[in-house]
Peer 1: 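Input: one structure, supplied below.
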Amino acid sequence: MVVPPDVRLQKTLRPKDGTAGIERPKALLDALPEDPRPLMALSSRHVVSARAFDRATLVQLFRLAAQYESTPQLMHMPLSGKILISAFYEPSTRTRLSFESAWHRLGGDIMSITDPATTGMAKGESLADIAEMFNNYGDVIVLRNNEDHAIYEMLDALRIPIINAGNGIDEHPTQAMADLYTIFKWRPQLLAEHVPPAQHIRIGVIGVPGRMRTVRSLLLMLGQFSEVIAEVVVICDEAAPFSAGQAEELAALGLKVRISKQLDAELPALDVVYINAIAWVGDTFEAMGKNLRLSAASPLKPDAIILHPLARGEELATDLDATPHNWYFAQARGAVFIRMALLTCTVRRVSEVMDTPLS
Ligand code: CP
């Protein structure tokens, strides 16, 4: 690559995009009355599945995240003296770094494992035994593993909470929290007591729910807010994109889900477009839906937002980055604050946090 001379001399930082200020988290914070009770129940609890989170708990997590994001100058160090074991046995950019950034901002210390070959796993140590050791060394574990079952094999041995940062094709609950936090910063009025049908939103999910952990957890959490979602359109090339029982579970939550293969035909009616093109298949990552791509030329609604939870591939053109549709950078940034909220509630009693000047 030849770097032009004017770029070599460039000294200024790129300006922040329009979604980066404190106005939107502040608006969300102002829209939500504080109720610490649902958060108290999170203390010392594992976070494995999106199913464990009801609407009241999620709303209060979004509120605490918005508080952290909009008032950084009031930040205290509620996790000072606590130790996070950050165990990522599969590659990650945004999940690992946003968890670790969240933990640092809360004043805690970290032990980070990024390669299972540096642990007893390389010598055949069982996950249950590793969990037993983790009990002795930290206060909470964040685990990324490409096997669905790994986190479940550790649960019985654990005396400290574990947070699922993605287990195979099963779940990624904290990513779904980051996704919903972004949607509600975009439209705080969706959390009002009565939302007129004209304000209900239509969400397009480009992906395969049965084989993508981010999509699986997102759909489950959207189910907690189904009354303001007119429809979820799952857009993919596959005729049967759900795993066994998945569509029925979403229907039981009140989510109206439809399948489509026609991306450009659906786009003009979608308020939120969520695109995920990577799934863990067998023992590797695979790009899926090669015909399903977004660019500035796509027929998007003028005020539609795009979310993208993973590493960008060809499915998301960079010419969207400078448009108002780009909420994927805000989504990645907001992940720090929602994880701060979750970590605080998991590791400390919420009352300790609520008594600080953060309130
Ligand atoms: N959202 C997410 O899982 O991205 P990473 O793989 O970069 O952590």
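Just so you know, ligand 1 is whichever comes first in the structure, and atom 1 is the first atom listed for that ligand.
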Peer 1: Minimum heavy-atom separation for F134 and I85, please, with both atom names.
Peer 2: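 The answer is O-CD1, 3.6 Å.
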Peer 1: Hey, what's the ring geometry for F225 with F62, parallel, tilted or perpendicular (30° and 60° as the breaks)?
Peer 2: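 Tilted, since the angle between the ring planes falls between 30° and 60°.
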Peer 1: Check each atom of ligand 1 against the heavy atoms of L310 and keep those under 4.0 Å away; list them by number with element.
Peer 2: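 Those of ligand 1 that fall under 4.0 Å from L310 are 1 (N), 2 (C), 3 (O), 4 (O).
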Peer 1: Around atom CG of D156, are there more than 12 heavy atoms of other residues, nucleotides or ligands at under 6.0 Å?
Peer 2: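 Incorrect, the count does not exceed 12.
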Peer 1: Could you tell me which atoms of ligand 1, counted from 1 in the order shown, lie closer than 4.0 angstrom to a heavy atom of H172?
Peer 2: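 In order of number, 1 (N), 2 (C), 3 (O).
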Peer 1: What do we get for Q175 next to ligand 1 when only non-hydrogen atoms under 4.0 Å count, side chain, backbone, both or neither?
Peer 2: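 For Q175, only side-chain atoms sit under 4.0 Å from ligand 1.
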Peer 1: Will you find, in the side chains of R45 and T346, an N or O donor that is under 3.5 Å from an N or O acceptor?
Peer 2: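 Short answer, no.
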Peer 1: Between R213, Q331, R94, R144, flag the one that comes closest to atom 3 (O) of ligand 1 by a heavy atom.
Peer 2: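 Shortest heavy-atom distance from atom 3 (O) of ligand 1: R144.
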Peer 1: Charged N to carboxylate O below 4.0 Å: is that the case for K301 and D271?
Peer 2: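 Answer for the salt bridge query: yes.
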Peer 1: So which heavy atom in the protein is nearest atom 1 (N) of ligand 1, and how far is it from that ligand atom?
Peer 2: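 So the nearest neighbour among protein heavy atoms is P309 O, 2.7 Å.
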Peer 1: Hey, looking at atom 2 (C) of ligand 1, which of L97, T93, T214, T95 has the closest heavy atom?
Peer 2: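 Shortest heavy-atom distance from atom 2 (C) of ligand 1: T95.
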